[in-house]
Amino acid sequence: MEKITRREIFKGLFPRVEVALAGGEETRQPRWTMVIDLAKCIGCDTCTVSCKAENRTPPGVTYNVVLTEEKGNLPNVMVINTPRPCMQCDRPPCAQVCPVRATYKMANGITAIDYDRCIGCRYCITACPYGARSFDFGDSYEAEMLGYEAIQAPEYGVQRGKRQGQKAPKGTTRKCHFCFHRLQRGEEPACVETCLGDARYFGDLNDPGSVVSKLAKSPRAFHLKEEMGTHPRVIYLK
Amino acid sequence: MSTSNQSVLKTNRKPGVTPVKATSWYIVLFLLMLIGVIAFVIRALNGLSTTNLSSAMPWGTWVAFYIYFVGMSAGAFLLTSLIHVFDMEHLEEVGKDATLVAIISMVLALFFILMDLGHMERFWHAIWYWNSTSILSWEIRFYTIYIVLLLAELYYALKHDKKKLKLLGAIGIPIAIFGVHGGTGVLFAVVKAQPYWNTALFPVIFVISALVSGTALVTAIYIIRNKIAGKEPDISLVKSLASWMVLFLVIDVGLQFFEILVGVYGLEEQELATLATIFTGSFALNFWVVQMGIGVIIPLILYFNPRTRQSTTAMFWAAVAVVIGILGVRFNIVVPALTVPVLPGLPAGYYYPSWIEWTISIGIISLGIIIYTLAVKLLPIDNK
C-alpha cells in the first residue's frame with residue numbers, strides 16, 4: 001500500500017490545480033512521436049520480440065503487435081503488415097474513462113499508467129480503439145525461461161524488483177509507453193532500435209527539423225482510425 | 001432470484017413453513033455462500049487468472065451481474081417512488097418490500113464489481129481519486145448517495161412517515177434515473193471504441209430494462225411470500241404490477257429494436273460483427289432462448305392469455321421469466337461487443353465463465369437472499 005503524503009491529498013481534492021502546478025515547468029519538454037513506414041515493414045515481428053524482452057512482459061501482456069492483413073485473391077495478393085504499439089493519443093479515451101486518474105497524459109506526449117494507483121477495473125481496455133492495452137493477470141514465463149521472475153523492467157524509471165514482489169504491476173492494466181525508461185537514458189524505444197527494415201522513426205515533434213516532423217507532413221502520412229478523434233501520436237506512412 | 005422467507009414463522013398454523021423447512025432453507029443458502037467464500041479465497045490468492053477473462057475479453061460475468069443488480073435496484077426503487085410520489089396507493093403493500101429489494105440489490109451490485117477489480121484492496125482509490133471525465137468515477141459517488149437515500153427511505157417507510165417518503169422519493173427519482181441506472185448505461189454508451197454500446201439510446205434502454213426487472217422481481221417476491229404464508233395474493237395488486245411490468249417490457253423491446261435497426265443501417269464493420277455474434281454466433285442461444293424466449297415471449301403469452309392472467313401462479317412464473325430474461329440481456333450487453341476485435345488482425349475474444357466466477361456469483365446472490373430473509377423476519381416489512 002502506498003503512503004499518502006499531504007501533497008497527494010491536495011492532488012486528490014483539486015485535480016485541476018495539480019495540472020496548473022505541473023504545467024509551467026514541463027512545457028519545454030519534447031513531444032515524442034513515432035513514425036512507422038508500412039512500405040518498409042517486412043512483418044518480421046522483431047519489434048514485438050524486442051519489446052517483450054525489453055519490458056519483460058508476462059504471458060498475455062503484449063505492448064506491440066504486428067497485425068497482418070491479406071488482400072486480394074491468388075495470384076494478385078498483397079500482405080499489409082501494420083505494427084501496432086500504443087498510439088499515445090493526444091486525446092486518449094483510456095485517460096478519459098479511468099476512474100482514478102491512474103492513466104494520464106504526460107507533458108512529453110506519452111500516455112502513462114500509474115501502476116500503484118490503478119485499481120484494475122479494465123474500463124480503459126474496453127475504451128481503447130486500438131486494443132493497445134493488456135491486463136496483467138499475474139502469469140509468468142518462469143517455466144519456460146529460467147530467471148524470468150528475478151527482475152522486472154524499470155518501466156517509467158521505477159525499479160519494481162522481482163516479479164513475485166509487492167511492487168509488481170500484477171492486477172493492473174499495462175501498455176506501451178514508448179520505452180519511457182530508455183528515453184530517460186537517451187535511448188530510442190527498443191522496437192525502433194531493433195527494426196530490421198528501419199521502418200520506424202522516433203523523435204520530437206516540437207523540433208521542426210527532426211525526421212519525424214518532416215515525415216509527419218508527408219502525403220503518405222495517416223493515423224489509425226482517424227475517425228475516432230483520438231489524435232494519435234503514432235503516424236503511419238502508406 | 002425468486003425467494004421465500006421466514007417472516008411467516010409467526011403464523012405457525014400454516015403448513016407451508018415448518019421449522020424444519022426454515023432450517024433447511026438457511027442451511028442450503030449458507031452452504032452455497034460457503035462455497036462462494038472458498039472460491040473467493042482462491043480468487044483473492046490467485047488474482048483474476050482464476051477467471052476466464054483475458055485482455056481481449058476484459059469484462060465478463062461479474063460486470064454483467066453488476067449491471068443486472070444495479071438495474072434491479074433502480075427498478076425496484078422507481079416502483080416505490082411511483083407509490084410514494086405519485087400516490088399509487090393500491091401498490092402500497094409492496095412499497096417496503098421493494099425498498100428492501102432495492103437496498104440489497106445495490107449492495108450485491110457493489111460486491112460484484114469489487115470481485116472484478118484487479119486490486120480489490122485499492123477499492124478506496126475509487127472514492128479518493130476523482131476523474132471528472134470518468135463516468136465510472138461519477139457512478140461510484142452516485143451509488144454511495146443512492147444507498148444512503150435508500151436506507152433513509154426504508155427507515156421512514158418502517159415509521160410510516162409519508163411526507164418524508166414523498167420527499168425522499170422526489171429526490172431519489174432523478175438520482176435513480178439519471179445517476180444510478182441511466183449513468184450505468186452512460187458508462188457503456190460513452191465508449192466509442194465499442195460501436196454497439198456507443199448510442200444515445202443505450203442509457204434509455206438501461207433505465208427501461210431496470211424498470212422491467214425491478215418490477216418483475218418485486219412482483220415475484222410479493223406472490224411467493226404470500227403463497228408461502230398460506231395467503232392468497234391480492235389478484236388485483238398482482239395484475240396491476242404485472243401490467244406495469246408488461247408495459248415496461250414492451251417499451252424495452254421496442255427501443256431495442258430501434259437500436260439494432262439503426263446499428264444495422266450504419267453498416268459499421270464492428271457493429272455488424274457484434275450483431276452477428278448476438279444473433280447467429282456463439283451467443284445466439286442466449287439471445288433467442290434466454291433474452292427473447294424466456295424474457296419476452298413467455299411473459300407476454302402468460303399476461304395476454306385471459307386465463308393465465310387471472311392466476312397468481314402464472315403471473316409469478318411470468319415475473320420469474322422476466323427476471324431470468326433480463327440476466328440474458330445484461331450478458332448480451334457486456335460480452336458480445338467485447339468478443340469483436342477493435343482492429344482487424346487482433347485476437348477475437350471468447351468467453352465462458354469459469355467455475356470460480358459461477359460459484360462466487362452464486363455465493364453473492366445467496367448472501368443477498370439470506371439478508372433478505374433475515375430482514376423480513378426481523379423488520380416490520382409486512383403491513384399487517
Side-chain angles (χ1 to χ4, degrees), chain A residues 1-2 4 8-9 11-16 60-62 65-69 80-82 84 93-104 116-139 170-174 224-225 227-230, chain B residues 45-60 63 66 113-114 116-141 187-188 190-195 197-198 268 270 334 337-338 340-347 349:
Chain A
M1 196 71 63
E2 69 196 274
I4 305 168
E8 284 274 308
I9 294 172
K11 277 183 178 179
L13 294 176
F14 306 106
R16 296 295 121 214
V61 176
T62 319
V65 290
V66 180
L67 307 172
T68 306
E69 203 181 347
I80 301 171
N81 299 301
T82 312
R84 195 244 43 213
C94 51
Q96 214 177 19
V97 301
C98 177
V100 296
R101 279 181 296 122
T103 278
Y104 58 98
D116 298 319
R117 186 185 283 198
C118 175
I119 57 173
C121 70
R122 310 185 296 294
Y123 195 5
C124 54
I125 302 182
T126 70
C128 177
Y130 307 101
R133 295 182 153 246
S134 308
F135 187 75
D136 190 338
F137 284 90
D139 298 332
K170 289 177 185 173
T172 64
T173 300
R174 300 176 66 173
L224 282 188
K225 287 194 173 181
E227 73 280 5
M228 300 302 288
T230 48
Chain B
L45 291 176
N46 298 302
L48 286 176
S49 57
T50 50
T51 66
N52 279 351
L53 298 169
S54 65
S55 293
M57 193 59 232
W59 283 350
V63 173
Y66 146 69
I113 207 62
L114 179 67
D116 200 58
L117 292 184
H119 276 278
M120 286 189 285
E121 81 286 359
R122 290 183 189 165
F123 73 93
W124 59 274
H125 284 200
I127 297 283
W128 189 257
Y129 300 107
W130 162 269
N131 181 2
S132 54
T133 62
S134 171
I135 303 298
L136 188 52
S137 203
W138 284 93
E139 282 314 297
I140 287 154
R141 284 154 183 86
L187 199 149
F188 289 85
V190 296
V191 178
K192 198 179 175 183
Q194 311 290 345
W197 297 346
N198 187 226
E268 215 274 334
Q270 217 181 314
V334 176
L338 294 174
V340 179
V342 287
L343 282 175
L346 283 175

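Labels below follow one simple rule: chain letters A, B, ... track the order of the sequence lines, proteins then strands, and each chain is numbered from 1.
- B:V342 has its side chain within reach of A:K225: a pair of non-hydrogen atoms, C-beta onward, lies under 4.5 Å apart.
- Only the side chain of A:V65 comes within contact range of chain B, with at least one heavy atom under 4.5 Å from a heavy atom of that chain.
- No part of B:I127 comes within reach of chain A, as not one of its non-hydrogen atoms sits under 4.5 angstrom from that chain.
- Interatomic distance, A:Q96 CD to B:I135 CD1, rounded to the nearest 0.5 Å: 8.5 Å.
- Counting only distance, with no hydrogens or angles, the side chain of B:W59 and the backbone of A:C121 share a donor-acceptor pair below 3.5 Å.
- No other option in B:V63, B:N198, B:I140, B:L53 has as many heavy-atom pairs under 4.5 Å with chain A as B:L53.
- The candidate with the highest count of non-hydrogen atom pairs below 4.5 Å against chain A, out of B:H119, B:Q270, B:E139, B:M120, is B:H119.
- The minimum heavy-atom distance between B:S137 and A:P99, with the atom names listed, is OG-O, 3.1 Å.
- Residue B:K192 holds its NZ atom at 13.5 Å from SG of A:C128, rounded to the nearest 0.5 Å.
- In terms of heavy-atom proximity, B:A193 sits nearest to A:A127 at CB-O, 3.3 Å.
- For chain A, the nearby part of B:W197 is the side chain; its heavy atoms alone come within less than 4.5 Å.
- Environment of OH in A:Y104: crowded, with over 12 heavy atoms of neighbouring residues, nucleotides or ligands closer than 6.0 Å.
- Here the shortest heavy-atom pairing between B:H125 and A:R117 reads ND1-O, 2.8 Å.
- With a 4.5 angstrom heavy-atom cutoff, B:L338 touches chain A only via side-chain atoms.
- Side-chain contact check for A:T126 versus B:F188: every heavy-atom pair is 4.5 Å or farther apart.
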Exercise. Evaluate the side-chain contact (heavy atoms from CB on, under 4.5 Å) criterion for residues A:V97 and B:L136: first the C-alpha distance (whole Å), next the side-chain angles of each, then the deciding distance (0.1 Å), finally the verdict.
Key: CA-CA 7 Å; A:V97 301; B:L136 188 52; over 6 Å; no

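- Only the side chain of B:T51 comes within less than 4.5 Å of a heavy atom in chain A; its backbone stays farther off.
- Within the model, atoms SG of A:C118 and CZ of B:R122 stand 7.0 Å from one another, a figure rounded to the nearest 0.5 Å.
- When heavy atoms are compared at a cutoff of 4.5 Å, A:A95 approaches chain B solely by way of its backbone atoms N, CA, C and O.
- Of the two parts of A:R133, only the backbone, made up of N, CA, C and O, holds a non-hydrogen atom closer than 4.5 Å to a non-hydrogen atom of chain B.
- Not counting sequence neighbours, the partners of A:F137 by the ring pair (Phe, Tyr, Trp, His ring centres under 6.0 Å) test are A:F135.
- Here the shortest heavy-atom pairing between B:S55 and A:I125 reads O-CG2, 3.5 Å.
- The shortest distance between side-chain heavy atoms of A:Y123 and B:V191 falls below 4.5 Å.
- Among residues two or more places apart in sequence or in another chain, the salt bridge (charged side-chain N to carboxylate O under 4.0 Å, His left out) test is passed with B:D116 by A:R122.
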